[in-house]
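Below is one structure; the comments refer to it alone.
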Amino acid sequence: MSVETVLIDALIRAAETLGLSTGSLPAVEIGRPRQKGHGDLSSNLAMVLASHFKKNPRQVAEELLRHLRLDSGLILKTEIAGPGFINFTLNPDYFFETLRRILRDGKKYGCSDRGKGKKTQVEFVSANPTGPLTIGHGRQAVIGDTIARLLEATGHEVVREYYFNDAGRQMRVLGDSVRLRYLELIGMAVTFPDEYYQGAYIREIAQKAVEEKGDSLKSGDATDYFSGLAEQEIFALIRQTLDRLGIRFDVFYNEKSLYETGKIDAVLQALRGKDLAYEADGATWFRTTRFGMEQDRVIVKSTGEPTYRLPDIAYHKDKMDRGFDLIVDIFGADHIATYPDVLAGMEALGYDPSRVKVLIHQFVTLTEGREKIKMSTRKANFVTLDELMDEVGADVTRYFFLNRSMSSHLNFDLTLAKTQSDENPVYYVQYAHARISSILRKAGEAGLDPDGEADLTRLRAPEEMDLIKALGTFPEVVSDAAEQFEPHRIPAYLEELATLYHRFQHAGKEDESLRVLSKDREASQARLALCRATRTVLANGLSLLGISKPEKM
RNA sequence: GCCCCUGUAGCUCAGUUGGACAGAGCAGCUGACUUCUAAUCAGCAGGUCGGGCGUUCGAAUCGCCCCGGGGGUACCA
């Protein structure tokens with residue numbers, strides 16, 4: 001039983017002796033004061049009950065305290081503060097126990113089984129192979145991968161999936177773009193349309209075609225060859241980029257297969273069978289108005305070609321049929337309009353739409369100093385994810401994207417990322433890890449045992465206690481981040497933890513007796529244990545972010 | 001017009017789901033190294049939380065109305 005539940009039980013019992021029936025009690029909550037000096041835990045119960053008793057909250061708090069029976073081995077001190085908070089100070093033994101647990105659990109510390117065995121799919125990136133991944137894709141890739149890692153850490157069984165389409169208009173234009181560059185390369189005069197893909201990579205693919213085929217394709221329709229070649233080359237590039245970021249997909253799902261296996265038709269039939277699809281103006285419409293939307297939507301154009309909605313619905317039906325309990329879709333803000341239709345589709349087909357969790361991340365605005373750089377795959381003026389990693393490395397790239405909540409626009413100043421990479425917070429966190437590694441190495445030389453037994457009660461300095469307390473909240477941070485799908489909580493936590501560690505180690509510089517490797521052997525062993533526990537948590541956190549854990553810097 | 005995101009220190013952003021005097025990093029200014037790696041630490045300065053009204057014991061957080069920025073509102077994806 002956690003301390004929180006113990007306290008809640010005790011508070012409820014105290015409230016009952018004041019004449020409140022359990023039924024009329026509001027939900028009792030235990031919070032963590034953010035201010036030092038307000039104890040370790042606090043309850044707002046007195047303030048919530050004040051209006052019921054028509055008394056002042058501090059007075060209610062006093063009465064509650066008078067009836068509160070607490071285990072002194074757990075709670076050291078209670079106090080009424082502020083407008084009527086009851087603050088609890090925990091017995092340090094409690095924290096030493098969590099420290100032991102960290103040392104015992106190691107890599108598992110922070111993991112939980114909240115999502116025990118839940119079959120979960122995370123779909124992200126899903127960029128069509130029309131060009132190198134951009135910085136916008138990068139944000140999604142890193143967010144998606146980290147959410148997958150968080151879900152794994154909380155016991156989910158995760159499949160990472162990339163959905164793409166290599167048919168359709170986009171790919172035809174791509175193939176034809178390559179064809180025109182090819183013709184140019186073999187010396188023919190062509191006019192290259194504005195709306196075609198302008199990037200230099202198109203020429204490189206065309207060059208490959210020249211090497212493979214010479215000028216044998218100068219006449220006739222070889223668009224299929226060109227788009228096939230382009231897809232192959234570009235996908236290889238995309239996988240390579242993802243690999244640099246440490247991202248591996250379990251499944252690459254091709255939209256085309258939905259047609260080949262008849263899944264598209266099956267959806268159409270099913271919708272028609274339920275009178276949820278109808279023909280009008282030469283097109284086929286989905287009765288989305290049945291599901292609370294303002295207008296019906298076209299799912300098959302008058303040309304006979306489906307709109308994106310139909311395959312999207314068929315794809316999600318397939319996810320449902322594959323038995324996923326939780327389906328996480330990660331989209332950029334530009335796709336925000338597509339998901340209500342997909343969810344309506346699920347409902348129409350008799351599935352529970354609440355199994356789908358749609359996460360929308362806002363755009364990345366790339367700036368160079370004050371200049372905004374516009375990003376578009378078709379125009380040549382984008383900065384690729386690879387170029388970014390060339391400049392700042394994979395760790396910084398991942399960290400930058402994970403640092404901020406996905407609902408806020410990300411302002412990525414390229415000049416800042418390049419010139420200030422030394423001052424990037426990721427190094428601050430990594431440095432704490434490296435520093436600990438170094439001190440553990442030194443411990444052996446000093447005749448201490450870095451992995452040895454320790455009397456943890458020797459840890460009493462404020463710098464030590466603050467660090468221990470922070471280590472104890474890690475599992476909660478991880479499960480909250482996973483549950484809320486908010487990866488940015490992890491870097492925020494790690495920065496705080498790194499600060500506490502740096503402060504702890506620095507204390508030894510001001511006060512000789514607080515050094516980790518001191519003359520007091522027992523104190524040293526206890527501090528080494530604290531170092532090890534801190535390194536474990538830093539390492540586990542960095543692993544969740546997919547960022548390296550240097551032993552030296 | 002309607003829908004989604006957003007507005008917090010000079011800049012970039014957090015804010016534990018309604019709690020205690022609003023926080024961090026960077027930039028600025030002071031100080032601390034023959035180091036258990038100073039890629040560090042301590043301190044100072046910096047705010048009408050876009051504006052207004054409301055709900056509440058209590059609002060950056062919830063509701064309504066304005067103002068600004070971004071995205072969407074296709075028989076494009």
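Every heavy atom of this structure was used, including side-chain atoms; hydrogens, water molecules and symmetry mates were not. Note on naming: letters A, B, ... go to the chains in the order of the sequence lines (proteins, then strands), and numbering restarts at 1 for each one.
For R503(A) against U40(B), no side-chain N or O and base N or O form a donor-acceptor pair under 3.5 Å. Between the side chain of Q362(A) and the base of U6(B), no donor-acceptor pair of N or O atoms lies under 3.5 Å. Checked by distance alone, E510(A) brings no side-chain donor or acceptor within 3.5 Å of a matching partner on the base of C41(B).
Heavy atoms of S438(A) sit under 4.0 angstrom from at least one base atom. Across all strands, H38(A) comes closer than 4.0 Å to base atoms (heavy-atom distances). Across all strands shown, A50(A) has no heavy atoms under 4.0 Å from either base or sugar-phosphate atoms. Using a 4.0 Å heavy-atom criterion, one finds that Y308(A) contacts the bases of the nucleic acid, with or without backbone contacts as well.
Going from the C1' atom of G28(B) to that of C53(B) covers 39 Å, rounded to whole Å.
Considering only side-chain N and O atoms, R32(A) lies nowhere under 4.0 angstrom from the phosphate OP1 or OP2 of U16(B).
For E496(A), the CD atom is loosely surrounded, since the number of other residues' heavy atoms within 6.0 Å does not exceed 12.
Between F474(A) and Y493(A), the ring centre distance stays below 6.0 Å. Between F400(A) and F412(A), a ring centre-to-centre spacing shorter than 6.0 Å is recorded. The ring of Y428(A) has its center closer than 6.0 angstrom to the ring center of H502(A).
By the criterion of a centre-to-centre distance under 5.5 Å and near-parallel planes under 30°, the ring of F363(A) forms no stack with the base of G70(B).
Listed nucleotides C4(B), C75(B), C13(B) differ in distance to S302(A); the shortest reach to its side chain belongs to C75(B).
U17(B) shows a glycosidic angle within 90° of 0 and is accordingly assigned syn.
When the nearest nucleotides of RNA chain B are assigned to I360(A) and L517(A) by heavy-atom distance, the more 5′-ward of the two goes with I360(A). Between A498(A) and G82(A), the one whose closest nucleotide on RNA chain B sits nearer the 5' end is G82(A).
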